[in-house]
Amino acid sequence: MKIRGLLLIAILIGGSYTTYQTFKDFQEKNFDELLSSHNIFFNSVTFAKPTIFNTIHESWKIDDEKEIEELLQFLQNYHVQRLKPEEINLNDEILHFDIQLEDGAGNTITVIIDEDLIIQNDELYYRIVDGPLDVEWLVHFFLHNKL
């Protein structure tokens with residue numbers, strides 16, 4: 001009888017911890033918390049411009065640490081919230097600009113500007129809570145870094 005009671009208590013504690021972690025995962029957090037939780041150091045940024053009327057897909061890549069840090073500083077002004085699976089629309093046909101940050105191990109964070117959406121490693125989806133993103137700053141940044 002004591003073993004069943006201890007087993008029941010262990011299951012309740014485990015369930016409570018899992019529920020707490022799930023709740024914590026879906027709470028609003030700073031963008032830099034998203035980065036710090038994975039200890040990511042980005043070494044390149046790729047900008048992609050949407051294709052319009054069958055034009056060639058245009059993208060460019062930078063690996064200047066100073067420019068990457070400037071972009072990360074800009075993004076740290078925003079808060080993100082993880083999306084639940086039912087909130088994710090994978091069949092989106094909207095043409096959009098995107099920014100992809102990549103580290104040496106292949107970990108990525110993609111920022112889809114037109115939708116205020118952040119995708120981490122093609123698995124975790126976040127929305128920018130206090131968006132929209134400052135498009136003027138981003139356009140200036142794009143033009144400054146375009147080769």
Subject >> Counterpart residues, side chain to side chain contact (heavy atoms under 4.5 Å, CB included), relative to Glu136 (two or more places apart) >> reply: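 Asp134.
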Subject >> With Asn43 via side chain to side chain contact (heavy atoms under 4.5 Å, CB included) - residues at least two apart >> reply: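 Asn43 satisfies side chain to side chain contact (heavy atoms under 4.5 Å, CB included) with no residue once adjacent residues are dropped.
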Euclidean distance, [Y] [atom2] relative to [X] [atom1], rounded to 0.5 Å:
X      : Y      : atom1 : atom2 : answer
Leu72  : Asn77  : CG    : CG    : 11.5 Å
Asp130 : Gln81  : CG    : CD    : 11.0 Å
Gln100 : Ile109 : CD    : CD1   : 10.5 Å
Ile112 : Leu133 : CD1   : CG    : 11.5 Å
Leu138 : Leu71  : CG    : CG    : 7.5 Å
Phe42  : Ile68  : CZ    : CD1   : 9.0 Å

Original post:
Considering residues at least two apart in sequence or located in another chain, which fulfil the ring pair (Phe, Tyr, Trp, His ring centres under 6.0 Å) criterion with Phe141?
Top reply: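 With neighbours one apart ignored, the set is Phe47, Trp137.
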Subject >> Transitive ILVMFWY side-chain link Trp60 to Ile99, under 4.5 Å >> reply: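 In one cluster: yes.
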Subject >> Cluster check Leu143, Phe74: I/L/V/M/F/W/Y, side chain < 4.5 angstrom >> reply: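 Hydrophobic grouping puts Leu143 apart from Phe74.
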Original post:
Would the number of heavy atoms belonging to other residues, nucleotides or ligands and lying under 6.0 Å from CD of Glu67 be above 12?
Top reply: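 Yes, enclosed.
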